[in-house]
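Take a look at the structure set out below.
Note that the structure is a prediction, hence the values are computed from the model and not measured. Along the sequence shown, the residues carry numbers beginning at 1.
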Amino acid sequence: MNNKLRLAVLIPCFNEEVAIGTVVRDFQRVLPQATIYVFDNNSRDNTVAIARSLGAVVRHVPLQGKGNVMRRMFADVEADIYVLVDGDATYHAESSPQMIDLLLAEGLDMVVGRRESIEEYSYRLGHRLGNRMLTGFVARLFGRRFTDMLSGYRVFSRRYVKSFPALARGFETETELTVHALELRMPVAEVDTPYKARPEGSFSKLNTIRDGLRILNTIVRLFRLERPLLFFSLISALLALLAVALAVPLAVTYVETGLVPRLPTAVLATGLGLLSSLSLTCGLILENVTHTRQEARRLIYLGIPCSGLPGTVGASVGSQD
């Protein structure tokens, strides 16, 4: 690798004493020129001591949640290329040179490691189905460019990292990472990478139902913020349909008898019609606001120098395997 390129491996951790040693050693072997950062999120075991003994740069993040750790990592670490990987030893360190090569050769801003299960129980069925559902939902809203939206193994350019707002608090941060790239229409790619089971004695911090609901809530929130016209138009259409459904029988009765016997229903239908109009108006106004905000974000993104230099790193990185 060109020595002018600063490479950082970012490892968020919470109680990973069983696996962190393997992760740090693997990336030290595969990417010897990289600085390994372990951001500890209030671990109560020996995660910090093990990481520090292996030469990793250890930093503490007191606010609990992976999203909070991401915010600190992206704000504090200065580099040209960032490799993000979980500290659970499930990802394939040897895939990182290929991901970095692709990022530099194609001038990309993010390369996602698309997980391919190589061991039984490494990728639980519930998590796989949830990932497909959420990835499909995001694809319909923002465009189908990813098939593994929730992967924790990614390579970023400096432009991406320093333009990423990092608003999420927990495991929904992967959704935010994906939508940020889609919204700014960044050049991105996916690379297949083996996905292993956790080492014996290591336990996942994920709760399928709780974290799935939080991710879904994040998607809805991003839908409202990034596609306000479509979001409020759907609400407007629903309210309009309810108003029409209530008003049609009243209109028929009025034509036949000249009377409006169900006054409360008439008032309700009128109110729903007004709310429908207000919802559509909100969508139109917020669409203009969102467009202006997106332009500002795009200009900030373009104001950050490219991290890539001519050439790739395959020969020098790959030779260290």
Side-chain angles (χ1 to χ4, degrees), residues 1-12 27 31 33-37 39 57 59 61 63 66-85 96-113 138 142-143 145-146 149 151-169 172-191 218 222 225-227 289-314 316-317:
M1 172 186 267
N2 192 315
N3 291 329
K4 293 182 179 180
L5 285 177
R6 297 167 297 172
L7 177 59
V9 177
L10 308 180
I11 309 173
F27 279 92
L31 300 174
Q33 67 275 53
T35 303
I36 312 294
Y37 293 89
F39 278 72
V57 178
R59 295 184 179 174
V61 182
L63 291 176
K66 188 175 182 179
N68 292 320
V69 178
M70 292 289 296
R71 186 181 302 113
R72 280 289 305 276
M73 289 193 301
F74 283 9
D76 294 355
V77 177
E78 296 296 329
D80 297 304
I81 301 172
Y82 298 79
V83 179
L84 174 68
V85 64
S96 58
Q98 179 189 0
M99 297 167 69
I100 295 170
D101 277 352
L102 182 61
L103 184 93
L104 292 175
E106 300 295 333
L108 305 178
D109 284 308
M110 180 170 69
V111 177
V112 178
V138 169
F142 301 100
R145 299 176 67 189
F146 296 101
M149 184 185 75
S151 173
Y153 194 15
R154 303 175 187 233
V155 174
F156 303 101
S157 69
R158 178 178 175 82
R159 263 186 173 176
Y160 182 100
V161 167
K162 297 305 179 182
S163 67
F164 180 64
L167 301 177
R169 296 182 179 181
E172 65 271 23
T173 188
E174 277 89 1
T175 304
E176 194 178 36
L177 287 168
T178 300
V179 172
H180 178 62
L182 294 175
E183 265 304 294
L184 293 186
R185 283 172 276 181
M186 296 179 180
V188 296
E190 285 186 316
V191 170
T218 299
L222 290 169
L225 291 174
E226 306 296 346
R227 297 287 187 272
V289 173
T290 298
H291 183 70
T292 302
R293 181 168 51 84
Q294 289 174 345
E295 286 182 340
R297 289 167 60 186
R298 180 70 180 175
L299 290 174
I300 292 172
Y301 161 78
L302 292 174
I304 300 169
C306 295
S307 59
L309 295 175
T312 64
V313 299
S316 59
V317 172

Problem set entry | More than 12 heavy atoms of other groups within 6.0 Å of R185 CZ | no

Exercise. Should the heavy atoms of other residues, nucleotides or ligands under 6.0 Å from CZ of R297 be counted, would the total exceed 12?
Worked result: yes

Exercise. How far apart are the C-alpha atoms of I36 and I11, what are their side-chain angles, what is the distance that settles it, and do they pass the side chain to side chain contact (heavy atoms under 4.5 Å, CB included) test?
Worked result: CA-CA 8 Å; I36 312 294; I11 309 173; 3.7 Å; yes

Could you check whether any side-chain heavy atom of [X] comes within less than 4.5 Å of a side-chain heavy atom of [Y], counting everything from C-beta outward?
X: L108; Y: V188; result: no
X: L84; Y: V155; result: no
X: T178; Y: R154; result: yes
X: L31; Y: S96; result: yes
X: M70; Y: L177; result: yes

Exercise. Can you list the steps and then say if I100 with L7 is a side chain to side chain contact (heavy atoms under 4.5 Å, CB included)?
Worked result: CA-CA 10 Å; I100 295 170; L7 177 59; 4.0 Å; yes

Do side-chain atoms of [X] reach the backbone of [Y] as a donor and acceptor pair under 3.5 angstrom?
X: S151; Y: V112; result: no
X: D80; Y: R6; result: yes
X: R298; Y: L184; result: yes
X: Y301; Y: A296; result: no
X: R158; Y: P305; result: no

Nearest heavy atoms of [X] and [Y], plus distance in Å:
X: M110; Y: L103; value: N-CD1, 3.8 Å
X: A8; Y: A79; value: CB-CB, 3.8 Å
X: G67; Y: T173; value: CA-CB, 4.0 Å
X: N68; Y: L63; value: CB-O, 3.5 Å

Under 3.5 Å, side-chain donor or acceptor atoms of residues 161-168 against the rest of the protein: list the pairs with distances, not counting sequence neighbours.
unit_1	atom_1	unit_2	atom_2	d
K162	NZ	F74	O	2.6
K162	NZ	V77	O	3.1
K162	NZ	E78	OE2	3.4
S163	OG	R159	O	2.8
S163	OG	Y160	O	3.2
S163	OG	H180	NE2	3.3

For this session: For K66 and E174, run salt bridge (Lys or Arg N to Asp or Glu O under 4.0 Å): C-alpha distance rounded to whole Å, both residues' side-chain angles, the deciding distance at 0.1 Å, then the answer.
Result: CA-CA 9 Å; K66 188 175 182 179; E174 277 89 1; 2.5 Å; yes

For this session: Begin from the C-alpha positions of V83 and F27 and carry the test side chain to side chain contact (heavy atoms under 4.5 Å, CB included) through to its verdict.
Result: CA-CA 10 Å; V83 179; F27 279 92; 4.1 Å; yes

For this session: List the steps, then state whether side chain to side chain contact (heavy atoms under 4.5 Å, CB included) holds for E190 with V111.
Result: CA-CA 5 Å; E190 285 186 316; V111 177; over 6 Å; no

Problem set entry | Q294: partners by side-chain contact (heavy atoms from CB on, under 4.5 Å), with sequence neighbours left out | E183, E226, R227, T290

For this session: Look up atom CZ in F156 and atom CD1 in I81, then write down how far apart they are to the nearest 0.5 Å.
Result: 13.0 Å

